[in-house]
Protein chains: 2
Amino acid sequence: MARIPFRQQVLQAREDAIISSVNRLLALKGFDSITVDEVAADVGIAKASLYKHFKSKEELAGAAMIRVLERALALIDTLKQDPKIPAIEQLRSVARWTMQVQLAGEMPSLPAQNSTLRSTLMNSAAYMDRLMAVSDKLGAWITEAQSAGQVDPALAPEVVLYTLFARACDPVLSLLKAGGQHSDEHIIDMLLSTCFNGLSGAPGEPRKGAR
Amino acid sequence: MARIPFRQQVLQAREDAIISSVNRLLALKGFDSITVDEVAADVGIAKASLYKHFKSKEELAGAAMIRVLERALALIDTLKQDPKIPAIEQLRSVARWTMQVQLAGEMPSLPAQNSTLRSTLMNSAAYMDRLMAVSDKLGAWITEAQSAGQVDPALAPEVVLYTLFARACDPVLSLLKAGGQHSDEHIIDMLLSTCFNGLSGAPGEPRKGAR
DNA sequence: GTCTATAGCCAGATAGAC
DNA sequence: GTCTATCTGGCTATAGAC
């Protein structure tokens with residue numbers, strides 16, 4: 001571990017820069033709309049050099065997804081350090097974080113239908129491992145919250161999990177952001193409310209504040 | 001109006017067939033993944049013939065969107081015939097319908113980010129008129145439901161409107177459908193519940209039945 | 001309006017020198 | 001590993017005969 005450091009570090013830094021560019025462009029334009037030339041130009045290297053690091057456009061997107069999943073895992077582990085917080089609040093914190101990432105233009109958005117991309121991701125152990133790690137950890141909170149009656153026990157757990165994932169790339173947020181009528185905080189408050197309390201709103205609950 | 005009928009009818013029927021194919025393929029694979037060749041093959045005509053009816057791939061997608069918006073308008077007008085039904089129930093009926101259309105594989109899904117498609121649609125009066133008609137009619141119900149306290153008055157009306165639109169193409173539904181664990185009716189019931197009552201569920205409300 | 005054939009373009013991926 | 005230059009395939013759109 002003591003040797004090989006410098007050149008490797010440079011490479012690692014370059015890969016980080018690549019992933020950052022891909023991540024941002026993916027959030028901005030989506031997988032189908034970006035081109036590899038564009039990514040290369042954004043990073044400031046030649047396209048052929050990109051292909052030395054990642055062997056396809058799909059792998060580039062996969063790397064961005066892996067990174068965001070790792071950020072999510074880091075957040076979850078941080079949240080777990082306070083075991084007194086009710087599961088529902090942990091889930092709400094995760095949802096709030098995904099919305100903040102979206103607003104920051106850092107949430108890569110992939111088309112659900114692109115089949116070559118899908119199969120690349122499903123065949124990537126690095127991706128699947130992290131996806132399952134996130135799912136398991138959220139799944140535990142979901143079960144706990146349902147037992148405590150904080151999340152509707154009539155909902156199948158997958159429904160809750162998929163809904164949380166889906167709200168992490170919900171087009172409603174970008175529409176509201178583009179509308180420019182509300183502050184970022186207000187947008188997040190309203191979307192968290194629709195997510196957890198529904199359009200009808202929860203009669204007994206305070207809607208404001210409660211960071 | 002009495003003349004010109006037959007040949008025109010044949011053309012109209014062909015255009016309907018084209019739109020049906022586009023609509024189905026759009027629901028199945030999404031705009032970016034389908035090719036005009038594929039549409040032509042599905043309809044059973046040559047690609048060049050398609051371009052006699054619609055002058056671009058974007059216009060094809062626009063025609064499909066116009067048709068689904070017209071179906072929505074027809075539904076809304078039908079629902080309006082019973083003025084005794086509370087606004088919230090009207091909105092729920094519309095949401096239920098969009099989910100049924102999704103499950104039937106008839107909800108075209110367009111990428112939110114494709115800019116050439118976006119500008120084609122925004123420049124199409126036929127599309128924009130219908131989109132605004134739907135928005136206005138739903139908007140009236142939303143305002144009414146908020147006044148009656150059936151929809152959370154703290155939510156900006158656009159949030160409610162956008163959320164309903166977004167639930168019409170929510171990936172959660174196709175994920176659950178692909179999972180194969182639940183009946184179509186059950187999926188719709190759960191998603192309507194998460195949409196209107198949130199993940200937490202509404203304490204006072206019955207969740208089952210109520211078609 | 002319908003077809004076959006093709007133009008024209010663009011983007012993903014690679015060759016080969018350094 | 002990085003670059004420039006190029007290949008290759010596929011896709012939108014059109015030409016031109018019927």
Side-chain angles (χ1 to χ4, degrees), chain A residues 4-19 21-22 25-26 28-64 110-111 113-121 123-124, chain B residues 4-19 21-22 25-26 28-64 110-111 113-121 123-124:
Chain A
I4 22 159
F6 187 69
R7 281 193 79 87
Q8 290 254 11
Q9 273 191 9
V10 171
L11 285 203
Q12 186 62 40
R14 172 138 300 177
E15 291 211 349
D16 276 359
I18 294 172
I19 296 175
S21 283
V22 172
L25 291 172
L26 234 34
L28 189 65
K29 315 178 62 180
F31 181 79
D32 290 315
S33 295
I34 68 176
T35 69
V36 177
D37 290 85
E38 199 173 2
V39 175
D42 192 70
V43 180
I45 63 177
K47 179 164 57 169
S49 302
L50 266 191
Y51 279 95
K52 295 288 180 180
H53 292 275
F54 302 93
K55 70 171 186 283
S56 70
K57 184 185 178 185
E58 284 77 14
E59 264 195 21
L60 274 173
L110 304 185
Q113 298 134 330
N114 186 318
S115 56
T116 77
L117 176 57
R118 257 194 94 77
S119 66
T120 298
L121 290 179
N123 287 334
S124 159
Chain B
I4 23 160
F6 187 68
R7 281 191 80 88
Q8 290 255 11
Q9 273 191 9
V10 171
L11 285 203
Q12 185 63 39
R14 173 140 297 176
E15 292 210 348
D16 276 359
I18 294 171
I19 296 175
S21 282
V22 172
L25 291 172
L26 234 34
L28 189 65
K29 315 178 63 181
F31 181 79
D32 289 315
S33 296
I34 68 176
T35 69
V36 177
D37 290 85
E38 201 173 0
V39 176
D42 192 70
V43 180
I45 63 177
K47 178 165 53 170
S49 302
L50 266 191
Y51 278 95
K52 295 288 181 180
H53 291 275
F54 302 94
K55 69 170 184 283
S56 72
K57 185 185 178 185
E58 284 76 14
E59 264 196 21
L60 273 173
L110 304 186
Q113 297 133 329
N114 184 317
S115 57
T116 76
L117 176 58
R118 258 194 92 78
S119 67
T120 299
L121 290 180
N123 286 333
S124 158

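Order of the sequence lines fixes the chain letters, A, B, ..., with proteins taken first and strands second; residue numbering starts at 1 for each chain.
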Self-check item: Minimum-distance nucleotide (side-chain atoms of B:T35 versus C:dA11, D:dT4, D:dT12)
Solution: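 Per side-chain heavy atoms of B:T35, the pick is D:dT12.
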
Quiz item: Considering only side-chain heavy atoms of B:K47, which listed nucleotide, D:dG1, C:dA13, D:dA13, is closest?
Solution: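 Nearest to the side chain of B:K47 among the choices is D:dA13.
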
Exercise. Report the residue from B:N123, B:L121, B:L117 that forms a side chain to side chain contact (heavy atoms under 4.5 Å, CB included) with B:E58.
Key: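 The residue from B:N123, B:L121, B:L117 that satisfies side chain to side chain contact (heavy atoms under 4.5 Å, CB included) with B:E58 turns out to be B:L117.
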
Close side-chain approach of [X] to [Y], heavy-atom, < 4.5 Å:
{"X": "B:T116", "Y": "B:N114", "answer": "yes"}
{"X": "A:I34", "Y": "A:K57", "answer": "yes"}
{"X": "B:Y51", "Y": "B:V36", "answer": "yes"}
{"X": "B:R14", "Y": "B:I45", "answer": "yes"}

For atom [atom1] of [X] and atom [atom2] of [N], their distance in whole Å:
{"X": "A:D37", "N": "D:dT8", "atom1": "CG", "atom2": "C1'", "answer": "15 Å"}
{"X": "B:I45", "N": "C:dC3", "atom1": "CD1", "atom2": "C1'", "answer": "11 Å"}
{"X": "A:D32", "N": "C:dC10", "atom1": "CG", "atom2": "C1'", "answer": "15 Å"}

Quiz prompt | For A:A46 against A:A40, the heavy-atom pair lying closest together | solution =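 What the structure gives for the nearest pair is C-CB, 4.0 Å.
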
Quiz item: Heavy-atom contacts under 4.0 Å between residues 48-60 of chain B and DNA chain C, which residues?
Solution: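 Within residues 48-60 of chain B, the residues near DNA chain C are B:A48, B:S49, B:K52, B:H53.
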
